[in-house]
Amino acid sequence: MPIGNVSERRRQPPDVGISVVILALAPQGAEGNARASHADQELSDIGEAGRLWIPLVKRVKQPFLDDWALPGGGLQCGISLEQAAFSALASTTDMHPRYLEQLYTFGDPDRSSGGLPMVSIVYWALVGETEAKQSPDADNVQWFPVDALPDIAFDHRNIIEYAVWRLRNKIEYSTIAARLVGERFTLAQLRSVHEAVLGHCLDPANFRRRMLASGELEDTGSTVVHGRSRPAAVYRYRASERAAFRFGSASQKEKPLAGISLPDDDASAVSAQGQSRSKA
């Protein structure tokens with residue numbers, strides 16, 4: 001039964017919606033478009049100056065008219081949460097990522113800043129260059145680097161920061177980097193992913209030694225040439241790692257733990273930002 005009084009609505013159980021964070025890698029100079037020009041190359045050169053990018057949707061109504069927001073939508077009867085997330089992506093960005101994982105649920109009572117209460121179940125997708133190309137040109141959908149975001153609606157900036165924080169904490173101990181670079185990669189490409197996620201440059205020689213000494217990679221026997229550089233060996237994760245990784249779906253090893261909390265410094269940073277913004 002509809003409730004017309006806003007103050008009464010605020011005392012009711014919160015609405016529940018779906019939001020999706022899509023993170024991708026793009027060459028420097030993409031200028032708001034993560035799709036690179038080498039569409040037919042299986043192993044395109046990401047470059048040493050890679051950055052993390054994210055597609056956002058421009059709002060066409062109040063609140064936050066003309067601000068940018070995460071793709072999202074409401075829940076529907078008869079479909080799962082994951083299907084609702086895929087549906088939200090398809091209707092806003094026309095993207096169909098192979099990998100989608102539930103990230104976190106945002107439902108603090110104060111996140112609406114006095115507005116109607118809302119709980120957001122957030123999913124994240126890590127997509128490679130090929131998947132990023134699936135997003136069509138649209139006036140209300142645009143890619144932005146995560147370190148140069150525009151004005152963002154609701155508390156979605158906090159959500160993006162949390163997703164990046166999670167990714168930075170997972171990059172060193174899981175095969176999650178391959179979701180951004182692809183199943184087959186050169187060490188330079190893999191290093192570019194780590195640099196983009198961590199936000200700083202890594203010593204190439206040290207990175208090479210560390211990755212080869214980890215025992216997680218195997219040489220495919222293939223090479224690839226970029227420009228005038230000498231051929232670079234192409235690697236992939238070993239079969240045991242790929243089995244845990246299950247490329248294209250979330251593995252138990254990588255699923256978030258229930259009740260995960262940020263360290264004090266990170267929690268303070270996330271909660272301090274966007275408090276003036278309204279609900280998701």
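Keep in mind that what you see is a predicted model, and the values were worked out from it rather than measured. For this chain, numbers begin at 1 and follow the sequence in order.
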*Do His194 and Ile171 come within less than 4.5 Å of each other through their side chains, counting heavy atoms only?*
yes
*Between Tyr162 and Tyr104, is the ring centre distance below 6.0 Å?*
yes
*At their closest point, which heavy atom of Trp165 faces which heavy atom of Asn169, and how far apart are they?*
O-ND2, 2.7 Å
*asked:* Checking the side chain of Asp155 only, and the main-chain atoms of Asn158 only, is there a donor and an acceptor separated by less than 3.5 Å?
replied: no
*Is any side-chain heavy atom of Val20 less than 4.5 Å from a side-chain heavy atom of Leu103?*
no
*Where the side chain of Gln62 meets the backbone of Phe64, is there a donor-acceptor pair that is under 3.5 Å apart?*
yes
*Do Leu126 and Leu167 have side chains that get closer than 4.5 Å, going by heavy atoms?*
yes
*asked:* So that I can tick it off, tell me whether Asp67 and Lys58 are bridged by a salt bridge, with the cut-off set at under 4.0 angstrom between side-chain N and carboxylate O.
replied: no
*Work out which heavy atom in Arg236 is nearest to a heavy atom in Glu183; give both atom names and the distance.*
CB-O, 3.4 Å
_For Pro150, is there any backbone N or O sitting under 3.5 Å from a side-chain donor or acceptor partner on Arg157?_
yes
*Spatial distance of atom CG (Leu149) from atom CD (Glu161) [nearest 0.5 Å]*: 8.0 Å
*Is there a donor-acceptor pair under 3.5 Å between the side chain of Ser214 and the backbone N or O of Met211?*
yes
*With rounding to the nearest 0.5 Å, note down the distance linking CZ in Arg208 to OG1 in Thr186.*
10.0 Å
*Out of curiosity, does Tyr123 fall in the hydrophobic cluster containing Ile79 (side-chain heavy atoms, cut-off under 4.5 Å, transitive links)?*
no
*Using modelled atom types only, decide if a donor and an acceptor are shared between the side chain of Ser120 and the backbone of Val122 within a distance under 3.5 Å.*
no
*Is there side-chain contact between Phe106 and Ile159, with at least one heavy-atom pair below 4.5 Å?*
yes
*For the atom pair CG (Leu100) and CD (Glu82), what is the distance rounded to the nearest 0.5 Å?*
5.5 Å
_Assess whether a salt bridge exists between Glu172 and Arg210, defined as any Lys/Arg side-chain N lying under 4.0 Å from an Asp/Glu carboxylate O._
yes
*Any sub-3.5 Å donor-acceptor pair from Thr93's side-chain atoms to Leu89's backbone N or O?*
yes
_Between Phe144 and Trp68, ring centroids under 6.0 Å_ = yes
*What's the spacing between Trp124 CH2 and Ile160 CD1 if we round to 0.5 Å?*
13.5 Å
*Is the side chain of His156 donor-acceptor paired with the backbone N or O of Leu70 at a distance under 3.5 Å, no angle test?*
yes
*Can any side-chain N or O of Arg168 pair as donor or acceptor with the backbone N or O of Val197 at less than 3.5 Å?*
yes
*List the steps and the verdict of side-chain hydrogen bond (donor to acceptor under 3.5 Å, both in side chains) for Asn206 and Arg209.*
CA-CA 5 Å; Asn206 288 339; Arg209 284 193 295 269; 2.2 Å; yes
*asked:* With side-chain contact (heavy atoms from CB on, under 4.5 Å) as the criterion, how do Val193 and Gln189 come out once you've worked through the C-alpha distance, each side chain's angles and the decisive distance to 0.1 Å?
replied: CA-CA 6 Å; Val193 173; Gln189 289 176 318; 5.9 Å; no
*Check the pair Asp15 / Met118 against side-chain contact (heavy atoms from CB on, under 4.5 Å), numbers first and verdict last.*
CA-CA 5 Å; Asp15 289 335; Met118 182 75 180; 3.5 Å; yes
*List the atom of Ala233, the atom of Thr223, and the distance in Å for their closest heavy-atom pair.*
CA-CG2, 4.3 Å
*asked:* For Leu217, is there any backbone N or O sitting under 3.5 Å from a side-chain donor or acceptor partner on Arg238?
replied: yes
*Taking the six-membered ring for Trp, are Phe86 and His96 ring centroids under 6.0 Å apart?*
no
*Distance from Ile121 atom CD1 to Leu81 atom CG, nearest 0.5 Å?*
4.5 Å
*Please lay out, stage by stage, how Thr92 and Asn140 fare under the test side-chain contact (heavy atoms from CB on, under 4.5 Å).*
CA-CA 9 Å; Thr92 54; Asn140 67 325; over 6 Å; no
_Least distance between heavy atoms, Ala84 atom then Gly74 atom_ = CB-O, 4.4 Å
_Any non-hydrogen side-chain atom of Val127 less than 4.5 Å from a side-chain atom of Ile22?_
yes
*Phe207 versus Asp203: any side-chain heavy-atom pair under 4.5 Å?*
no
*Evaluate the side-chain proximity of Val21 to Ile54: yes if any heavy-atom separation is below 4.5 Å, no if none is.*
yes
_Working for side-chain contact (heavy atoms from CB on, under 4.5 Å), residues Arg51 and Leu25_ = CA-CA 6 Å; Arg51 305 167 79 183; Leu25 220 64; over 6 Å; no
*Phe154 vs Ser19 side-chain heavy atoms within contact, under 4.5 Å*: no
*Non-hydrogen atoms of Gly72 and Ala88 that approach each other most closely*: C-CB, 3.7 Å
*Please confirm whether the backbone N or O of Glu195 pairs with a side-chain atom of Arg191, one donor and one acceptor, at under 3.5 Å?*
no
*What distance do Leu180 atom CG and Ser192 atom OG have between them, rounded to the nearest 0.5 Å?*
11.5 Å
